Number of protein chains: 2
Amino acid sequence: MSKVAKFDREEVIQKATNLYWGKGYHGTSMRNLQTAIDLRPGSIYATFGSKDNLFKESIQYYANKTGEVLENCLAETSSPLEGLKLFIRKLVIENLEGKPSCMCMIVKSISELTDADNKELLDEAKLLLANVENKFAEIITEAIKLGEIASDKDAKELASYIQVQIIGLRTYARVNSNVETINKFVNEIFIGSPFH
Amino acid sequence: MSKVAKFDREEVIQKATNLYWGKGYHGTSMRNLQTAIDLRPGSIYATFGSKDNLFKESIQYYANKTGEVLENCLAETSSPLEGLKLFIRKLVIENLEGKPSCMCMIVKSISELTDADNKELLDEAKLLLANVENKFAEIITEAIKLGEIASDKDAKELASYIQVQIIGLRTYARVNSNVETINKFVNEIFIGSPFH
DNA sequence: TTTTTAATGGAACACTCGTTCATTATACAA
DNA sequence: TTGTATAATGAACGAGTGTTCCATTAAAAA
(Lines give C-alpha, C1' and ligand atoms only; values in the text may rest on other atoms or scores of the structure.)
Protein backbone atom coordinates (compact mmCIF):
# COMPACT_ATOMS: atom_id res chain seq x y z
CA MET A 1 0.00 0.00 0.00
CA SER A 2 0.91 3.61 0.04
CA LYS A 3 1.96 6.62 1.96
CA VAL A 4 -0.57 8.18 4.32
CA ALA A 5 -1.25 11.89 4.68
CA LYS A 6 0.92 13.38 7.41
CA PHE A 7 -1.17 16.46 8.17
CA ASP A 8 -4.25 16.49 10.36
CA ARG A 9 -7.27 17.12 8.15
CA GLU A 10 -9.34 18.78 10.88
CA GLU A 11 -6.47 21.01 11.90
CA VAL A 12 -6.12 22.17 8.30
CA ILE A 13 -9.83 22.88 7.98
CA GLN A 14 -9.76 24.73 11.26
CA LYS A 15 -6.98 27.02 10.02
CA ALA A 16 -8.75 27.53 6.70
CA THR A 17 -11.95 28.34 8.58
CA ASN A 18 -10.23 30.98 10.67
CA LEU A 19 -8.83 32.64 7.56
CA TYR A 20 -12.09 32.58 5.60
CA TRP A 21 -14.00 33.74 8.68
CA GLY A 22 -11.77 36.77 9.13
CA LYS A 23 -11.06 37.80 5.54
CA GLY A 24 -14.14 36.49 3.75
CA TYR A 25 -14.37 34.33 0.65
CA HIS A 26 -13.13 36.88 -1.87
CA GLY A 27 -10.62 38.40 0.54
CA THR A 28 -8.88 35.07 1.06
CA SER A 29 -6.56 33.86 -1.70
CA MET A 30 -5.29 30.34 -2.18
CA ARG A 31 -1.81 31.69 -1.45
CA ASN A 32 -3.07 33.09 1.87
CA LEU A 33 -4.43 29.64 2.63
CA GLN A 34 -1.27 27.84 1.52
CA THR A 35 0.77 29.96 3.92
CA ALA A 36 -1.68 29.73 6.81
CA ILE A 37 -2.13 25.97 6.66
CA ASP A 38 1.44 25.27 5.48
CA LEU A 39 0.50 23.04 2.57
CA ARG A 40 1.54 23.28 -1.07
CA PRO A 41 -1.11 23.57 -3.84
CA GLY A 42 -0.67 19.92 -4.81
CA SER A 43 -1.72 18.70 -1.37
CA ILE A 44 -4.55 21.17 -1.00
CA TYR A 45 -6.08 20.36 -4.38
CA ALA A 46 -5.62 16.61 -3.91
CA THR A 47 -7.41 16.85 -0.57
CA PHE A 48 -10.07 19.50 -1.09
CA GLY A 49 -10.44 19.88 -4.86
CA SER A 50 -11.00 23.61 -5.12
CA LYS A 51 -11.14 26.92 -3.28
CA ASP A 52 -14.93 26.68 -3.34
CA ASN A 53 -15.01 23.21 -1.84
CA LEU A 54 -12.52 24.13 0.87
CA PHE A 55 -14.75 27.09 1.71
CA LYS A 56 -17.77 24.80 1.82
CA GLU A 57 -16.04 22.40 4.19
CA SER A 58 -14.86 25.35 6.29
CA ILE A 59 -18.29 26.89 6.72
CA GLN A 60 -19.73 23.47 7.54
CA TYR A 61 -16.99 22.98 10.12
CA TYR A 62 -17.83 26.40 11.57
CA ALA A 63 -21.52 25.50 11.76
CA ASN A 64 -20.72 22.17 13.45
CA LYS A 65 -18.50 23.81 16.04
CA THR A 66 -21.17 26.43 16.76
CA GLY A 67 -23.73 23.65 17.09
CA GLU A 68 -21.50 21.95 19.65
CA VAL A 69 -21.27 25.16 21.67
CA LEU A 70 -25.07 25.33 21.71
CA GLU A 71 -25.32 21.69 22.82
CA ASN A 72 -22.85 22.33 25.62
CA CYS A 73 -24.85 25.34 26.79
CA LEU A 74 -28.03 23.28 26.85
CA ALA A 75 -26.27 20.51 28.76
CA GLU A 76 -25.07 22.96 31.41
CA THR A 77 -28.58 23.68 32.68
CA SER A 78 -31.79 21.67 32.75
CA SER A 79 -33.64 24.71 31.43
CA PRO A 80 -33.80 25.07 27.63
CA LEU A 81 -34.44 28.81 27.95
CA GLU A 82 -31.45 29.35 30.25
CA GLY A 83 -29.30 27.24 27.92
CA LEU A 84 -30.33 29.39 24.99
CA LYS A 85 -29.61 32.59 26.91
CA LEU A 86 -26.19 31.26 27.88
CA PHE A 87 -25.46 30.43 24.25
CA ILE A 88 -26.36 33.91 23.06
CA ARG A 89 -24.26 35.48 25.79
CA LYS A 90 -21.32 33.25 24.78
CA LEU A 91 -21.68 34.05 21.08
CA VAL A 92 -22.14 37.76 21.38
CA ILE A 93 -19.98 38.68 24.37
CA GLU A 94 -17.13 36.16 24.27
CA ASN A 95 -16.60 36.59 20.54
CA LEU A 96 -16.01 40.32 20.92
CA GLU A 97 -12.26 39.79 20.88
CA GLY A 98 -9.74 37.11 20.01
CA LYS A 99 -11.72 35.45 17.24
CA PRO A 100 -11.14 36.09 13.50
CA SER A 101 -14.30 38.21 13.59
CA CYS A 102 -16.94 39.09 16.15
CA MET A 103 -19.46 38.42 13.38
CA CYS A 104 -20.93 35.07 12.51
CA MET A 105 -19.07 33.46 9.59
CA ILE A 106 -22.32 32.22 8.10
CA VAL A 107 -23.87 35.68 8.18
CA LYS A 108 -20.70 37.23 6.72
CA SER A 109 -20.89 34.72 3.88
CA ILE A 110 -24.57 35.39 3.22
CA SER A 111 -23.74 39.08 3.15
CA GLU A 112 -20.80 38.70 0.79
CA LEU A 113 -21.84 36.00 -1.67
CA THR A 114 -24.29 36.48 -4.53
CA ASP A 115 -26.62 34.23 -6.48
CA ALA A 116 -25.00 35.43 -9.69
CA ASP A 117 -21.40 34.56 -8.78
CA ASN A 118 -21.47 31.95 -5.99
CA LYS A 119 -24.94 30.42 -5.87
CA GLU A 120 -23.84 27.06 -4.50
CA LEU A 121 -21.87 28.47 -1.58
CA LEU A 122 -24.57 31.03 -0.82
CA ASP A 123 -27.23 28.33 -0.75
CA GLU A 124 -25.07 26.24 1.57
CA ALA A 125 -24.69 29.20 3.95
CA LYS A 126 -28.43 29.87 3.88
CA LEU A 127 -29.09 26.21 4.66
CA LEU A 128 -26.71 26.23 7.62
CA LEU A 129 -28.35 29.36 9.02
CA ALA A 130 -31.79 27.79 8.59
CA ASN A 131 -30.57 24.74 10.52
CA VAL A 132 -29.60 26.95 13.44
CA GLU A 133 -33.00 28.60 13.36
CA ASN A 134 -34.72 25.22 13.39
CA LYS A 135 -32.66 24.20 16.39
CA PHE A 136 -33.70 27.42 18.14
CA ALA A 137 -37.34 26.60 17.37
CA GLU A 138 -36.94 23.14 18.91
CA ILE A 139 -35.44 24.60 22.05
CA ILE A 140 -38.19 27.18 22.35
CA THR A 141 -40.86 24.54 21.79
CA GLU A 142 -39.33 22.61 24.66
CA ALA A 143 -39.27 25.77 26.80
CA ILE A 144 -42.97 26.35 26.07
CA LYS A 145 -43.77 22.77 27.09
CA LEU A 146 -41.91 23.34 30.37
CA GLY A 147 -43.81 26.57 30.98
CA GLU A 148 -40.73 28.76 30.70
CA ILE A 149 -42.37 30.68 27.87
CA ALA A 150 -46.09 31.49 27.55
CA SER A 151 -47.94 28.80 25.61
CA ASP A 152 -49.58 31.25 23.21
CA LYS A 153 -46.20 32.10 21.68
CA ASP A 154 -45.14 30.78 18.31
CA ALA A 155 -41.83 28.94 18.56
CA LYS A 156 -40.86 29.52 14.93
CA GLU A 157 -41.53 33.22 15.18
CA LEU A 158 -39.51 33.54 18.37
CA ALA A 159 -36.69 31.57 16.76
CA SER A 160 -36.47 33.98 13.86
CA TYR A 161 -36.66 36.88 16.29
CA ILE A 162 -33.65 35.45 18.11
CA GLN A 163 -31.81 35.18 14.80
CA VAL A 164 -32.49 38.82 13.99
CA GLN A 165 -31.22 39.88 17.41
CA ILE A 166 -28.02 37.82 17.24
CA ILE A 167 -27.26 38.93 13.69
CA GLY A 168 -27.93 42.55 14.58
CA LEU A 169 -25.87 42.49 17.75
CA ARG A 170 -22.85 40.64 16.37
CA THR A 171 -22.72 42.94 13.36
CA TYR A 172 -23.24 46.06 15.44
CA ALA A 173 -20.42 44.88 17.70
CA ARG A 174 -17.99 45.53 14.86
CA VAL A 175 -18.71 49.23 15.25
CA ASN A 176 -19.44 49.49 18.95
CA SER A 177 -17.95 46.71 21.04
CA ASN A 178 -18.74 48.36 24.36
CA VAL A 179 -19.46 45.38 26.61
CA GLU A 180 -22.05 47.14 28.77
CA THR A 181 -24.09 48.27 25.77
CA ILE A 182 -23.97 44.86 24.13
CA ASN A 183 -24.74 43.09 27.40
CA LYS A 184 -27.74 45.33 28.02
CA PHE A 185 -29.17 44.49 24.61
CA VAL A 186 -28.59 40.77 25.13
CA ASN A 187 -30.52 40.91 28.40
CA GLU A 188 -33.35 42.81 26.77
CA ILE A 189 -33.89 40.18 24.08
CA PHE A 190 -35.91 38.03 26.44
CA ILE A 191 -37.53 40.63 28.65
CA GLY A 192 -38.71 42.81 25.78
CA SER A 193 -40.82 42.66 22.69
CA PRO A 194 -42.32 39.44 21.36
CA PHE A 195 -41.61 37.52 24.54
CA HIS A 196 -43.85 39.67 26.69
CA MET B 1 -9.88 76.26 -23.63
CA SER B 2 -10.32 72.55 -23.78
CA LYS B 3 -12.63 69.66 -24.23
CA VAL B 4 -15.21 69.18 -21.49
CA ALA B 5 -16.15 65.88 -19.87
CA LYS B 6 -19.18 64.41 -21.64
CA PHE B 7 -20.33 61.93 -18.99
CA ASP B 8 -22.42 62.83 -15.95
CA ARG B 9 -20.29 62.38 -12.85
CA GLU B 10 -23.20 61.63 -10.53
CA GLU B 11 -24.66 59.12 -12.95
CA VAL B 12 -21.33 57.32 -13.07
CA ILE B 13 -21.06 57.23 -9.28
CA GLN B 14 -24.61 55.99 -9.05
CA LYS B 15 -23.86 53.08 -11.36
CA ALA B 16 -20.64 52.30 -9.49
CA THR B 17 -22.55 52.42 -6.21
CA ASN B 18 -25.12 49.92 -7.45
CA LEU B 19 -22.38 47.53 -8.52
CA TYR B 20 -20.36 47.82 -5.29
CA TRP B 21 -23.55 47.58 -3.23
CA GLY B 22 -24.56 44.33 -4.90
CA LYS B 23 -21.25 42.57 -5.38
CA GLY B 24 -19.16 44.06 -2.56
CA TYR B 25 -15.74 45.66 -2.70
CA HIS B 26 -13.74 42.51 -3.44
CA GLY B 27 -16.44 41.03 -5.65
CA THR B 28 -16.40 44.04 -7.97
CA SER B 29 -13.52 44.32 -10.43
CA MET B 30 -12.47 47.42 -12.29
CA ARG B 31 -13.50 45.60 -15.48
CA ASN B 32 -16.98 45.07 -14.03
CA LEU B 33 -17.12 48.78 -13.31
CA GLN B 34 -15.77 49.76 -16.73
CA THR B 35 -18.55 47.77 -18.39
CA ALA B 36 -21.31 48.94 -16.06
CA ILE B 37 -20.49 52.64 -16.30
CA ASP B 38 -19.27 52.46 -19.91
CA LEU B 39 -15.98 54.27 -19.36
CA ARG B 40 -12.47 53.19 -20.29
CA PRO B 41 -9.78 52.81 -17.59
CA GLY B 42 -8.13 56.09 -18.58
CA SER B 43 -11.26 58.12 -17.90
CA ILE B 44 -12.05 56.33 -14.66
CA TYR B 45 -8.55 56.79 -13.26
CA ALA B 46 -8.36 60.41 -14.42
CA THR B 47 -11.66 61.12 -12.66
CA PHE B 48 -11.55 58.93 -9.55
CA GLY B 49 -7.90 57.99 -9.06
CA SER B 50 -8.26 54.41 -7.87
CA LYS B 51 -10.65 51.57 -7.17
CA ASP B 52 -10.46 52.45 -3.48
CA ASN B 53 -11.35 56.08 -4.04
CA LEU B 54 -14.23 55.23 -6.34
CA PHE B 55 -15.51 52.92 -3.62
CA LYS B 56 -15.15 55.68 -1.07
CA GLU B 57 -17.10 58.13 -3.22
CA SER B 58 -19.70 55.43 -3.86
CA ILE B 59 -20.32 54.62 -0.22
CA GLN B 60 -20.49 58.33 0.57
CA TYR B 61 -23.01 58.76 -2.22
CA TYR B 62 -25.02 55.86 -0.80
CA ALA B 63 -24.96 57.42 2.68
CA ASN B 64 -26.06 60.79 1.29
CA LYS B 65 -28.95 59.27 -0.62
CA THR B 66 -30.05 57.34 2.46
CA GLY B 67 -29.82 60.55 4.49
CA GLU B 68 -32.10 62.25 1.97
CA VAL B 69 -34.65 59.45 2.30
CA LEU B 70 -34.62 59.97 6.08
CA GLU B 71 -35.07 63.73 5.68
CA ASN B 72 -38.01 63.17 3.34
CA CYS B 73 -39.63 60.81 5.83
CA LEU B 74 -39.26 63.37 8.60
CA ALA B 75 -40.69 66.09 6.36
CA GLU B 76 -43.75 63.97 5.61
CA THR B 77 -45.04 64.10 9.17
CA SER B 78 -44.69 66.62 11.97
CA SER B 79 -43.88 63.76 14.35
CA PRO B 80 -40.20 62.76 14.58
CA LEU B 81 -41.15 59.30 15.86
CA GLU B 82 -43.58 58.68 13.00
CA GLY B 83 -40.99 59.95 10.54
CA LEU B 84 -38.44 57.53 11.93
CA LYS B 85 -40.91 54.63 11.78
CA LEU B 86 -41.72 55.50 8.17
CA PHE B 87 -38.02 55.54 7.34
CA ILE B 88 -37.43 52.11 8.84
CA ARG B 89 -40.44 50.70 7.03
CA LYS B 90 -39.13 52.17 3.76
CA LEU B 91 -35.61 50.81 4.28
CA VAL B 92 -36.56 47.34 5.38
CA ILE B 93 -39.71 46.59 3.40
CA GLU B 94 -39.24 48.52 0.15
CA ASN B 95 -35.66 47.36 -0.26
CA LEU B 96 -36.70 43.70 -0.19
CA GLU B 97 -36.64 43.57 -3.97
CA GLY B 98 -35.39 45.55 -6.91
CA LYS B 99 -32.32 47.02 -5.24
CA PRO B 100 -28.77 45.65 -5.67
CA SER B 101 -29.14 44.17 -2.18
CA CYS B 102 -31.76 44.23 0.54
CA MET B 103 -28.86 44.82 2.93
CA CYS B 104 -27.38 48.19 3.80
CA MET B 105 -24.29 48.90 1.69
CA ILE B 106 -22.51 50.41 4.70
CA VAL B 107 -23.16 47.34 6.82
CA LYS B 108 -22.08 45.04 4.00
CA SER B 109 -18.84 46.99 3.76
CA ILE B 110 -18.21 46.86 7.50
CA SER B 111 -18.82 43.14 7.34
CA GLU B 112 -16.49 42.58 4.39
CA LEU B 113 -13.57 44.93 4.96
CA THR B 114 -10.77 44.39 7.47
CA ASP B 115 -8.41 46.62 9.39
CA ALA B 116 -5.49 44.63 8.02
CA ASP B 117 -6.32 45.02 4.31
CA ASN B 118 -8.62 48.05 3.91
CA LYS B 119 -8.37 50.15 7.05
CA GLU B 120 -9.18 53.47 5.36
CA LEU B 121 -12.35 52.25 3.65
CA LEU B 122 -13.46 50.38 6.75
CA ASP B 123 -13.00 53.48 8.90
CA GLU B 124 -14.98 55.54 6.40
CA ALA B 125 -17.84 53.01 6.51
CA LYS B 126 -17.80 53.02 10.32
CA LEU B 127 -17.91 56.81 10.32
CA LEU B 128 -20.89 56.89 7.96
CA LEU B 129 -22.76 54.40 10.11
CA ALA B 130 -21.98 56.44 13.22
CA ASN B 131 -23.38 59.53 11.46
CA VAL B 132 -26.67 57.71 10.88
CA GLU B 133 -26.79 56.68 14.52
CA ASN B 134 -26.18 60.29 15.62
CA LYS B 135 -29.01 61.44 13.38
CA PHE B 136 -31.28 58.82 14.98
CA ALA B 137 -30.28 60.11 18.41
CA GLU B 138 -31.19 63.67 17.40
CA ILE B 139 -34.59 62.55 16.15
CA ILE B 140 -35.26 60.57 19.33
CA THR B 141 -34.18 63.50 21.50
CA GLU B 142 -36.72 65.60 19.63
CA ALA B 143 -39.37 62.90 20.11
CA ILE B 144 -38.67 62.86 23.85
CA LYS B 145 -39.03 66.63 24.01
CA LEU B 146 -42.39 66.34 22.25
CA GLY B 147 -43.52 63.65 24.71
CA GLU B 148 -43.69 60.94 22.03
CA ILE B 149 -41.20 58.88 24.01
CA ALA B 150 -40.93 58.67 27.80
CA SER B 151 -38.54 61.27 29.17
CA ASP B 152 -36.56 58.75 31.23
CA LYS B 153 -35.27 57.08 28.07
CA ASP B 154 -31.73 57.59 26.82
CA ALA B 155 -31.75 58.83 23.23
CA LYS B 156 -28.30 57.47 22.42
CA GLU B 157 -29.18 54.03 23.71
CA LEU B 158 -32.42 53.92 21.76
CA ALA B 159 -30.57 55.07 18.66
CA SER B 160 -28.14 52.19 18.88
CA TYR B 161 -31.04 49.84 19.57
CA ILE B 162 -32.66 51.02 16.32
CA GLN B 163 -29.39 50.37 14.50
CA VAL B 164 -29.22 46.82 15.82
CA GLN B 165 -32.80 46.18 14.72
CA ILE B 166 -32.35 47.58 11.21
CA ILE B 167 -29.07 45.76 10.70
CA GLY B 168 -30.57 42.52 11.99
CA LEU B 169 -33.72 42.78 9.92
CA ARG B 170 -32.11 43.80 6.64
CA THR B 171 -29.56 41.02 6.93
CA TYR B 172 -32.13 38.45 7.97
CA ALA B 173 -34.22 39.51 4.98
CA ARG B 174 -31.60 37.96 2.71
CA VAL B 175 -32.60 34.56 4.07
CA ASN B 176 -36.28 35.09 4.81
CA SER B 177 -37.88 37.89 2.85
CA ASN B 178 -41.41 37.02 3.90
CA VAL B 179 -43.10 40.42 4.06
CA GLU B 180 -45.47 39.56 6.92
CA THR B 181 -42.67 38.29 9.14
CA ILE B 182 -40.46 41.29 8.43
CA ASN B 183 -43.35 43.70 8.84
CA LYS B 184 -44.27 42.18 12.19
CA PHE B 185 -40.73 42.64 13.46
CA VAL B 186 -40.61 46.23 12.24
CA ASN B 187 -43.81 47.01 14.14
CA GLU B 188 -42.45 45.36 17.27
CA ILE B 189 -39.34 47.53 17.35
CA PHE B 190 -41.24 50.38 18.95
CA ILE B 191 -43.83 48.50 20.98
CA GLY B 192 -41.35 46.10 22.55
CA SER B 193 -38.24 46.02 24.61
CA PRO B 194 -36.34 49.19 25.58
CA PHE B 195 -39.16 51.47 24.51
CA HIS B 196 -41.58 50.14 27.09
C1' DT C 1 14.63 -5.80 0.24
C1' DT C 2 11.69 -4.79 -3.37
C1' DT C 3 7.49 -3.21 -5.15
C1' DT C 4 3.62 -0.37 -5.15
C1' DT C 5 0.97 3.57 -4.40
C1' DA C 6 -0.29 7.89 -3.02
C1' DA C 7 1.24 12.20 -0.74
C1' DT C 8 4.25 16.08 -1.42
C1' DG C 9 6.68 20.15 -3.32
C1' DG C 10 6.86 23.72 -6.23
C1' DA C 11 7.41 25.38 -10.96
C1' DA C 12 4.41 26.88 -14.27
C1' DC C 13 -0.10 27.87 -16.72
C1' DA C 14 -3.74 30.72 -18.47
C1' DC C 15 -6.21 34.22 -16.88
C1' DT C 16 -7.66 38.33 -14.32
C1' DC C 17 -6.36 41.99 -11.36
C1' DG C 18 -5.64 47.17 -10.64
C1' DT C 19 -3.31 50.52 -13.04
C1' DT C 20 -0.50 53.31 -16.51
C1' DC C 21 0.37 55.92 -20.55
C1' DA C 22 1.14 57.18 -25.30
C1' DT C 23 -2.11 58.32 -28.60
C1' DT C 24 -6.27 60.25 -30.58
C1' DA C 25 -10.40 63.16 -30.49
C1' DT C 26 -12.72 67.27 -29.39
C1' DA C 27 -14.08 71.95 -28.07
C1' DC C 28 -12.90 76.46 -27.34
C1' DA C 29 -9.75 80.85 -27.84
C1' DA C 30 -7.21 83.51 -30.79
C1' DT D 1 -8.39 78.29 -39.42
C1' DT D 2 -5.12 77.20 -36.41
C1' DG D 3 -3.27 76.35 -31.80
C1' DT D 4 -3.89 74.59 -27.38
C1' DA D 5 -5.63 72.27 -23.56
C1' DT D 6 -7.83 68.53 -21.86
C1' DA D 7 -10.97 64.42 -22.22
C1' DA D 8 -11.28 59.74 -24.02
C1' DT D 9 -9.27 55.62 -25.75
C1' DG D 10 -7.52 51.03 -25.34
C1' DA D 11 -3.32 48.37 -25.59
C1' DA D 12 -0.23 46.92 -22.38
C1' DC D 13 2.14 46.13 -17.77
C1' DG D 14 3.57 43.62 -13.75
C1' DA D 15 1.63 41.34 -10.07
C1' DG D 16 -1.61 38.19 -8.35
C1' DT D 17 -5.42 34.72 -9.22
C1' DG D 18 -7.05 29.72 -8.98
C1' DT D 19 -5.37 25.65 -10.66
C1' DT D 20 -2.55 21.86 -12.99
C1' DC D 21 1.11 18.87 -13.56
C1' DC D 22 4.58 15.76 -12.57
C1' DA D 23 9.07 14.48 -10.72
C1' DT D 24 10.24 13.30 -6.18
C1' DT D 25 9.54 11.28 -1.78
C1' DA D 26 8.06 8.20 1.71
C1' DA D 27 5.76 4.52 3.77
C1' DA D 28 3.00 0.27 3.76
C1' DA D 29 2.63 -4.43 1.60
C1' DA D 30 4.76 -8.32 -0.59
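Everything numeric in this text was worked out from a predicted model, so none of it was measured. Chain A is the first sequence line, chain B the second, and so forth, proteins listed ahead of strands; every chain is numbered from 1.
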TODO: Report the C-alpha separation of A:Thr28 and A:Phe55 in whole Å, then their side-chain angles, then the decisive distance to 0.1 Å, and conclude whether the side chain to side chain contact (heavy atoms under 4.5 Å, CB included) test is met.
DONE: CA-CA 10 Å; A:Thr28 307; A:Phe55 184 84; over 6 Å; no

Of all residues at least two apart in sequence or in a different chain, which pass the side chain to side chain contact (heavy atoms under 4.5 Å, CB included) check with [X]?
X: B:Glu138; answer: B:Lys135
X: A:Glu11; answer: A:Asp8, A:Lys15
X: A:Arg9; answer: A:Ile13, A:Thr47, A:Phe48, A:Glu57
X: A:Asp52; answer: A:Tyr25, A:Ser50, A:Asn118, A:Leu121

Checklist entry - Within less than 4.0 Å of OP1 or OP2 of C:dT8, is there a side-chain N or O belonging to A:Ser43? => result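 It does, given that an N or O in the side chain of A:Ser43 lies less than 4.0 Å from OP1 or OP2 of C:dT8.
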
Rounded to whole Å, the CE-P distance (A:Met30 to D:dT20) equals 10 Å

To the nearest angstrom, the CG-C1' distance between B:Leu54 and C:dG18 comes to 12 Å

The correct set of residues in residues 116-124 of chain B placing a heavy atom under 4.0 Å from DNA chain D is none

Note: contacts of residues 31-41 of chain A with DNA chain D (heavy atom, under 4.0 Å) are A:Arg31, A:Gln34, A:Pro41

Notebook entry, point to check: Using 4.0 Å as the upper bound for N to carboxylate O, is an ion pair formed by A:Glu180 and A:Lys184?
Noted result: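 No salt bridge links A:Lys184 with A:Glu180.
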
If you apply the rule side chain to side chain contact (heavy atoms under 4.5 Å, CB included), what do you find for A:Leu54 with A:Ser58, and how did you get there? CA-CA 6 Å; A:Leu54 178 53; A:Ser58 293; 4.1 Å; yes

Quiz item: Same cluster for A:Leu86 and A:Phe136 if Ile/Leu/Val/Met/Phe/Trp/Tyr side chains link at under 4.5 Å?
Solution: no

Checklist entry - Does a side-chain heavy-atom distance below 4.5 Å link A:Glu124 with A:Gln60? => result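 The answer is yes, as the side chains (C-beta and beyond) meet within the 4.5 Å cut-off.
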
Next on the checklist: Which residues in residues 44-53 of chain A have a heavy atom closer than 4.0 Å to any atom of DNA chain C?
Outcome noted: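 Of all residues in residues 44-53 of chain A, none places a heavy atom under 4.0 Å from DNA chain C.
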
Expected list for residues 8-29 of chain B near DNA chain C, using heavy atoms below 4.0 Å, is B:Thr28, B:Ser29

My understanding is that only residues two or more places apart in sequence, or in another chain, count here; which of them pass salt bridge (Lys or Arg N to Asp or Glu O under 4.0 Å) with [X]?
X: B:Lys145; result: none
X: A:Lys126; result: none
X: B:Glu68; result: B:Lys65

Enumerate donor-acceptor pairs with a distance under 3.5 Å from any side-chain N or O in residues 102-111 of chain A to protein atoms, sequence neighbours excluded.
residue: A:Lys108; atom: NZ; partner: A:Trp21; partner atom: O; Å: 3.0
residue: A:Lys108; atom: NZ; partner: A:Gly22; partner atom: O; Å: 3.0
residue: A:Ser109; atom: OG; partner: A:Met105; partner atom: O; Å: 2.8

